[in-house]
Amino acid sequence: MSALAGLRLAVGTLTTFPVGEVGVVDRRTAAWAMTLAPVAVLPVTVPAVLIMVIGQWLQAPGLLIGLLIIGWLALGTRAMHLDGLADTVDGLGASLRPERVQQVMKSGDVGPMGVVALIITLGLQAVGLAEVAAKPYAPVVVLILICSSRAALAISCLAGIPVASWSTLGRMVVGTVTWPRATAVVLLTAAALTGAALLGQIPWWWALISTVLVVATPLTLARTAARRLGGMSGDVLGAGVELTLTTLLVIWALS
């Protein structure tokens, strides 16, 4: 029951897909939610795949397809990860003092550094999707890449990772995912990325590089958050998802 409740919590939190009342949310449910995040994003990912299929059928430019997919992902996730990215960059760029960083991140306003971060990130994602659209079985590859990027949430919420005391979402989910469960997520992600590499007719070791980056990106961000913020927050979790997706798309665009 905790797994099912966790899945509903993940879908309801990470997408706009209606799931009804989740019920009482404890840390066990939260752990399942972060673990199942790659599956929970399917209600958003499947329409993104349909956009690519229709775009390819209409022979639309790859960049147009990429921008449409990005727009849909933002709509289907309430742009919450993008908001987290902007707030995180604004906060980390505002000051070296943790209290000032916290103040900026909690203000809700998007400053110039956050805007630049969004422009660069969305631009890289659009270009990456345009390049991936030209590869064999591109729709399936895109589905796997988007779902794999959500593995960053399980990595970011590993047991032992500190949480920012002022973050409500952080206190609920950070530190809930056990190492064996996170290892299972990484192994399944590696398998999915290997399948995508075979479909896309690129070397299998490209999937290995991608898996390492799926782990390294959120862990690097978590280390930065621990040093600068005192721990992970909900905004940093969202930033981790966007940076992981961007990294994957750029790597696969270069394959």
Side-chain angles (χ1 to χ4, degrees), residues 14-15 37-38 41-42 44-77 79-86 88-89 114-153 155 189-190 192-218 220-221 238-255:
L14 302 176
T15 77
V41 78
L42 282 173
V44 174
T45 307
V46 171
V49 169
L50 292 178
I51 291 173
M52 176 160 284
V53 170
I54 294 172
Q56 290 179 325
W57 180 65
L58 294 174
Q59 297 183 340
L63 192 56
L64 174 60
I65 295 174
L67 287 170
L68 289 174
I69 291 175
I70 287 173
W72 164 251
L73 290 178
L75 180 65
T77 61
M80 63 183 302
H81 305 314
L82 291 170
D83 178 69
L85 174 65
T88 299
V89 173
V115 171
V116 172
L118 289 176
I119 292 173
I120 294 175
T121 299
L122 294 175
L124 288 173
Q125 289 181 4
V127 172
L129 284 167
E131 291 296 321
V132 173
K135 299 183 184 299
Y137 298 97
V140 179
V141 172
V142 167
L143 183 146
I144 292 173
L145 293 180
I146 295 174
C147 290
S148 296
S149 69
R150 271 52 182 181
L153 290 171
I155 304 301
T189 300
L193 289 170
T194 301
L198 294 175
L199 288 174
Q201 298 178 13
I202 65 175
W204 65 268
W205 46 264
W206 216 260
L208 178 60
I209 294 174
S210 300
T211 303
V212 170
L213 291 173
V214 166
V215 176
T217 301
T220 300
L221 195 57
V241 169
E242 291 297 336
L243 292 177
T244 302
L245 176 60
T246 303
T247 301
L248 284 175
L249 289 174
V250 169
I251 288 297
W252 283 68
L254 296 174
S255 63

What do the steps show when you test Leu42 against Leu143 for side chain to side chain contact (heavy atoms under 4.5 Å, CB included), and what is the final call?
CA-CA 8 Å; Leu42 282 173; Leu143 183 146; 4.3 Å; yes

Check whether any side-chain heavy atom of [X] lies under 4.5 Å from a side-chain heavy atom of [Y], and answer yes or no.
{"X": "Leu249", "Y": "Leu124", "answer": "no"}
{"X": "Leu67", "Y": "Leu129", "answer": "no"}
{"X": "Leu82", "Y": "Leu73", "answer": "no"}
{"X": "Leu245", "Y": "Arg150", "answer": "yes"}
{"X": "Leu14", "Y": "Thr77", "answer": "no"}

Work out which heavy atom in [X] is nearest to a heavy atom in [Y]; give both atom names and the distance.
{"X": "Ile51", "Y": "Trp72", "answer": "CD1-CB, 3.6 Å"}
{"X": "Trp252", "Y": "Ile202", "answer": "CZ3-CD1, 3.4 Å"}
{"X": "Ser210", "Y": "Leu248", "answer": "CB-CD2, 3.7 Å"}
{"X": "Ala117", "Y": "Leu85", "answer": "O-CD2, 4.3 Å"}
{"X": "Ala197", "Y": "Pro203", "answer": "CB-O, 4.0 Å"}
{"X": "Leu199", "Y": "Pro136", "answer": "O-CB, 3.5 Å"}

Calculate, to the nearest 0.5 Å, the distance between atoms [atom1] and [atom2] belonging to [X] and [Y] respectively.
{"X": "Leu213", "Y": "Thr220", "atom1": "CG", "atom2": "OG1", "value": "9.5 Å"}
{"X": "Ile69", "Y": "Thr45", "atom1": "CD1", "atom2": "OG1", "value": "10.5 Å"}
{"X": "Thr217", "Y": "Glu242", "atom1": "OG1", "atom2": "CD", "value": "12.5 Å"}
{"X": "Thr211", "Y": "Trp206", "atom1": "OG1", "atom2": "CH2", "value": "13.0 Å"}
{"X": "Leu145", "Y": "Thr247", "atom1": "CG", "atom2": "OG1", "value": "11.5 Å"}
{"X": "Leu193", "Y": "Leu198", "atom1": "CG", "atom2": "CG", "value": "11.0 Å"}

Passing option when Ser149 is tested against Thr244, Thr246, Thr189, Val41 for side chain to side chain contact (heavy atoms under 4.5 Å, CB included)
Thr244

Under the side chain to side chain donor-acceptor pair (under 3.5 Å) rule, what pairs show up with a residue in residues 134-144, not counting sequence neighbours?
Lys135-Ser255

Check: Leu118 main-chain N/O paired with Thr121 side-chain donor or acceptor under 3.5 Å:
no

